[in-house]
Amino acid sequence: MSKKLKVGILGATGMVGQRFIALLENHPWFEVTTLAASPRSAGKTYEEAVGDRWKMDTPMPEAVKKLVVMNVNEVEKVASEVDFVFSAVDMTIDEIKKIEEDYAKTETPVVSNNSAHRWTPDVPMVVPEINPEHMKVIDFQRQRLGTKRGFVAVKPNCSIQSYAPVLTAWKEFEPVEVVVTTYQAISGAGKTFKDWPEMVGNIIPFIGGEEEKSEKEPLRIWGEIKDGVIVPAEGPVITSQCIRVPVLNGHTAAVFVKFAKKPTKEQLIEKLRTFSGEPQKLALPSAPKQFIQYLEEDNRPQINLDVNYENGMGISVGRLREDIVYDYKFVGLSHNTVRGAAGGAVLCAELLKAQGYITAKNE
């Protein structure tokens, strides 16, 4: 590709905005040219606006340090600078819904990390390896918005990434009941241990809204388009508990599954290792070559050893064994701010470009 698409990041100073910037450094298709944030950051260079709040392990890319942050509320002005935007704004749900649609109505595609539009019936919520066909609902969304290029697409919640792909790989065995407990990293709340010292050596057994997302969002991903909207699947039944644990990055899930057609352990492992989707077929730049790895050791997956598998874009699974109440149980692990947040959104944008939904504005 000769010319990179110009990308804006809405909410560029927050943790997910920072992760977008880190992931997009030297991206072969996309170039970050515009950063937008709250009015209090507007007018400052990005380096000044972030100050000592840069939370990534890698240094702030030189290319963004001197970019002057724009006011995210000046929609037309920001949109005029870019081909599309990633959204990681920190606002109320209603404010996010409005501002993302406002950007879409300027004929600027919006790929969002936020939850606000996950249940808007004509907004695709996509894990690219699982439901790439849901992007077709954009055609109906554009009719509603009155746009030719503009639309909103979202990625699902970070907590489901460590088990929804696994259950998808096992679809032919018909999972009917799933019990999942997620052990979620503090970066999922946009925090580090420096910001949140009370999490050191602590567990909090409540994350607002997370259990409902963990139970319902996989069903929307497994749904289908009918009459211009996404209709969620009816099963399997999922019940969950979500617990905040003293880990910086990486959500772990302990999962129990009952199947309509009980498979062997060997069949299940084979399905995990051979599971792939459109990102692998299209060789998208951020796609993991091996989406799901199965680890044979009893003490894996571990955050310290496995969270960065496939640059944080892969899923690690281990401890698959028969259960005395359910058919099988396993442990899954995913990187919550890479695959679960910014990286998942970048992969969605790559898929949208490959499908022809995101193009240069002057094309």
Side-chain angles (χ1 to χ4, degrees), residues 7-25 27 30 32 35 37 53-58 85-91 93 96 100 110-118 123-130 152-165 182-192 195-196 207-210 213-214 217-218 221 242 244 247-253 279 284 286-288 291 303 307-316 332-352:
V7 177
I9 297 173
L10 313 180
T13 56
M15 184 180 264
V16 176
Q18 292 179 22
R19 180 69 74 183
F20 274 122
I21 286 167
L23 289 174
L24 291 167
E25 186 179 17
H27 192 282
F30 307 144
V32 176
L35 303 174
R53 294 179 298 112
W54 180 255
K55 296 175 179 178
M56 300 298 106
D57 297 333
T58 52
V85 296
F86 289 110
S87 175
V89 291
D90 182 13
M91 299 175 173
I93 285 181
I96 293 169
E100 290 182 348
V110 178
V111 182
S112 180
N113 183 70
N114 293 306
S115 64
H117 274 295
R118 286 188 196 148
V123 169
M125 180 174 74
V126 170
V127 175
E129 285 87 352
I130 297 177
V152 179
V154 300
K155 50 143 288 296
N157 197 45
C158 52
S159 67
I160 74 170
Q161 311 284 339
S162 49
Y163 60 92
T182 56
Y183 303 89
Q184 299 189 203
I186 64 172
S187 58
K191 300 279 208 278
T192 63
D195 308 324
W196 204 359
I207 306 170
E210 204 75 0
K213 293 172 187 173
S214 300
E217 287 189 14
I221 290 168
C242 299
R244 189 74 72 195
V247 163
L248 180 59
N249 292 311
H251 287 357
T252 300
L284 298 178
S286 300
F291 181 31
I303 299 280
V307 76
N308 291 314
Y309 168 64
E310 289 277 14
N311 300 312
M313 290 296 288
I315 312 297
S316 298
L333 170 66
S334 61
H335 196 306
N336 57 295
T337 68
V338 182
R339 167 57 76 163
V346 171
L347 190 60
C348 283
E350 292 169 358
L351 176 65
L352 286 160

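One is the number of the first residue; the rest follow in order along the sequence.
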So, the side chain of K155 versus the backbone of V127: is there a donor-acceptor pair under 3.5 Å, distance only?
no
Using atom types as modelled and distance alone, determine if a side-chain donor or acceptor of E350 lies under 3.5 Å from a backbone N or O of S286.
yes
Output for pair (L333 CG, Y309 OH), nearest 0.5 Å, gives 11.5 Å
State whether the side chain of S187 and the backbone N or O of L248 hold a donor-acceptor pair below 3.5 Å, judged by distance alone.
yes
Do T182 and S159 have side-chain atoms, one donor and one acceptor, less than 3.5 Å apart?
no
Can you classify the ring geometry of F86 versus F30 as parallel (below 30°), tilted (30 to 60°) or perpendicular (above 60°)?
perpendicular
Is it the case that the side chain of R244 and the backbone of A185 share a donor-acceptor pair, with hydrogens and angles ignored and the cut-off at 3.5 Å?
yes
When you compare the side chain of Y183 with that of H251, does any pair of heavy atoms fall below 4.5 Å?
no
May I have the step-by-step check of salt bridge (Lys or Arg N to Asp or Glu O under 4.0 Å) for D195 and R53, ending in yes or no?
CA-CA 10 Å; D195 308 324; R53 294 179 298 112; over 6 Å; no
Does the pair N249 and I303 meet the rule for a side chain to side chain contact (heavy atoms under 4.5 Å, CB included), with working shown?
CA-CA 8 Å; N249 292 311; I303 299 280; 5.9 Å; no
Between E217 and P156 (side chain of the first, backbone of the second, donor and acceptor by atom type, cut-off under 3.5 Å), is there such a pair?
no
With no hydrogens and no angle check, do the side chains of N336 and Q184 hold a donor and an acceptor under 3.5 Å apart?
no
Check: N114 main-chain N/O paired with S112 side-chain donor or acceptor under 3.5 Å:
yes
Inspect the contact between E129 and R339 and indicate whether a charged nitrogen and a carboxylate oxygen are less than 4.0 angstrom apart.
yes
